[in-house]
Amino acid sequence: MKNWPLWEIFVRSKQGLSHKHVGSLHAADAEMAMQNARDVYTRRMEGVSIWVVESVHVTASDPDEKESMFDPANDKVYRHPTFYDVPDGVTHI
Amino acid sequence: MEAHLEKRFQDKIDQEIKIEPKDWMPEKYRKTLVRQISQHAHSEIVGMLPEGNWITRAPSLKRKLGLLAKVQDEAGHGLYLYAAAETLGVERADLVADLHSGKAKYSSIFNYPTMTWADIGAIGWLVDGAAIMNQVPLCRCSYGPYARAMVRVCKEESFHQRQGFEIMMTLCNGTTEQKEMAQDALNRWWWPSLMMFGPNDDESPNSKQSMAWKIKRFSNDDLRQKFVDVTVEQAKHLGINIPDPDLNWNEETQHYDFGEIDWEEFWNVVKGNGPCNKARLDARNKAHDEGAWVREAAVAYAEKKRKRKEKVA
């Protein structure tokens, strides 16, 4: 094997926040990926929890299809609160 | 078609929209980034060698802890950067093979020897200082994964420079002999540090395209000037002298004028004839070859664990 498999690393920076992608690394298995992630990405108290996911298991959207994927949301202003009129003086809404 | 895509690509760059791994990009943009990011990664890895030379001989436990942490950071920086390069469709093993065969370049500064403890101070202060000057603008580089890696690198790098300056300060406040050691280190590292910014702008043919692609934000000479301006002031605090008789404050430009860099020396070291080029490559190859069994054992152990788990299930 030329390279160990690639792993994506996600770190929760503190309780109450979600895990965020911080980078990737090579490791022979999940346990080693976890140990290396700890040494590489949390040397300065950057996290309280780590997820490691083998990169091959990530399915990504295709950037060439960005328009057909995301543009339909563009003309649906009625999904936002500011689309609806409420007279001045009406509060708590 | 290609021209259309290229225009859309440049429009994105001009609007400061980052380019991400799977986005369309000109082949030359991709190649330029692979070369630059991998050279940068190699520099972090080879950069551990001159400093590693002093870990066992650090003058106190505090200094040893600081230096160990710095060298460990550099291994991490190499890893972030190799990972960023891999998003462009190359494999780390191939990049590393190019370093070990001598095909790929790394920063020439690491081909100079660390002869005294003061060199560790000078490297942190000057070499990391120059690296920060180069790297801070790279945090805004147009390629997303490189920019993100640089944000992490820059955060960690400022500790490196400060630990170096503190070592210099301690020596300069010490005995006459210690201060002479600091001066000697400055004498040897000053000019190679200025060379770290690369050739003069008119000798740097690829710079223009890199600036248009916003991989590069400032020219070599602009960054070098900025480095000289801030570092000369820092040297005054240390009470040691920059080894350049032509160094003078210029009221008109509000910058320091400085002497001509020895470009013959620069190109000579780039070509492989510096004092430590061979030693650095030998050390890298030795570590890689002698570590082969560890890599193989890790794969075998992972496989064994996987099979055992399967049996239980």
Side-chain angles (χ1 to χ4, degrees), chain A residues 1-14 17-48 50-71 73-74, chain B residues 5 8-9 12 17-25 68-70 72-87 90-97 144-146 148-153 155-156 158-159 292 294-309:
Chain A
M1 189 189 306
K2 196 160 79 170
N3 270 322
W4 289 336
L6 192 66
W7 301 77
E8 300 303 324
I9 313 302
F10 300 82
V11 170
R12 183 201 297 286
S13 56
K14 63 176 197 181
L17 296 179
S18 50
H19 287 74
K20 195 177 160 219
H21 185 244
V22 291
S24 47
L25 51 80
H26 289 282
D29 62 8
E31 193 187 327
M32 185 181 180
M34 184 61 81
Q35 286 164 353
N36 289 353
R38 174 194 167 274
D39 286 347
V40 175
Y41 292 108
T42 62
R43 284 200 305 283
R44 291 183 175 82
M45 298 193 298
E46 291 95 333
V48 293
I50 300 174
W51 289 349
V52 300
V53 180
E54 201 176 338
S55 309
V56 292
H57 297 310
V58 175
T59 306
S61 63
D62 182 349
D64 293 335
E65 288 170 9
K66 198 152 68 192
E67 282 161 25
S68 58
M69 277 286 273
F70 303 109
D71 281 1
N74 226 348
Chain B
L5 287 171
R8 252 185 42 180
F9 172 83
K12 266 166 92 176
I17 298 172
K18 297 275 185 232
I19 308 301
E20 295 294 343
K22 298 272 163 61
D23 294 348
W24 186 89
M25 61 185 80
L68 265 173
K70 179 176 191 285
Q72 191 187 8
D73 275 351
E74 275 146 17
H77 297 173
L79 191 150
Y80 308 152
L81 288 160
Y82 282 126
E86 284 193 307
T87 64
V90 289
E91 289 204 48
R92 187 174 72 184
D94 296 328
L95 300 175
V96 170
Y146 192 25
R148 290 191 287 274
M150 292 320 299
V151 170
R152 294 188 62 87
V153 169
K155 266 189 204 159
E156 299 179 353
S158 68
F159 131 65
V294 180
R295 295 190 295 278
E296 284 160 23
V299 173
Y301 181 57
E303 183 65 11
K304 190 170 119 184
K305 273 193 297 182
R306 192 183 61 78
K307 281 199 177 131
R308 195 177 290 159
K309 218 169 155 187

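- For B:Asp23, the salt bridge (charged side-chain N to carboxylate O under 4.0 Å, His left out) test picks out B:Lys12, with sequence neighbours left out.
- The choice from A:Val40, A:Leu6, A:Asp64, A:Asn36 that makes the most heavy-atom pairs within less than 4.5 Å of chain B is A:Val40.
- The choice from B:Arg148, B:Glu303, B:Glu296, B:Arg295 that makes the most heavy-atom pairs within less than 4.5 Å of chain A is B:Arg295.
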Using side-chain contact (heavy atoms from CB on, under 4.5 Å), reason through B:Trp24 and B:Arg8 one step at a time and then give a plain yes or no.
CA-CA 9 Å; B:Trp24 186 89; B:Arg8 252 185 42 180; over 6 Å; no
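- Heavy atoms of B:Glu86 lying under 4.5 Å from chain A belong exclusively to its side chain.
- Residue contact with chain A, scored on non-hydrogen atoms closer than 4.5 Å, involves the side chain of B:Lys305 exclusively.
- The part of B:Arg152 that comes within reach of chain A is its side chain, from C-beta onward, which places non-hydrogen atoms under 4.5 angstrom from that chain.
- Interface summary for chain A: among B:Glu91, B:His77, B:Glu20, the most heavy-atom pairs under 4.5 angstrom belong to B:Glu91.
- In A:Arg12, the CZ atom is crowded: over 12 heavy atoms of neighbouring residues, nucleotides or ligands sit closer than 6.0 Å.
- Using cut-offs of 30° and 60° for the angle between ring planes, the A:Trp51 and A:His19 rings count as parallel.
- Put simply, the residue from A:Val22, A:Val52, A:Val53 that forms a side-chain contact (heavy atoms from CB on, under 4.5 Å) with A:Phe10 is A:Val53.
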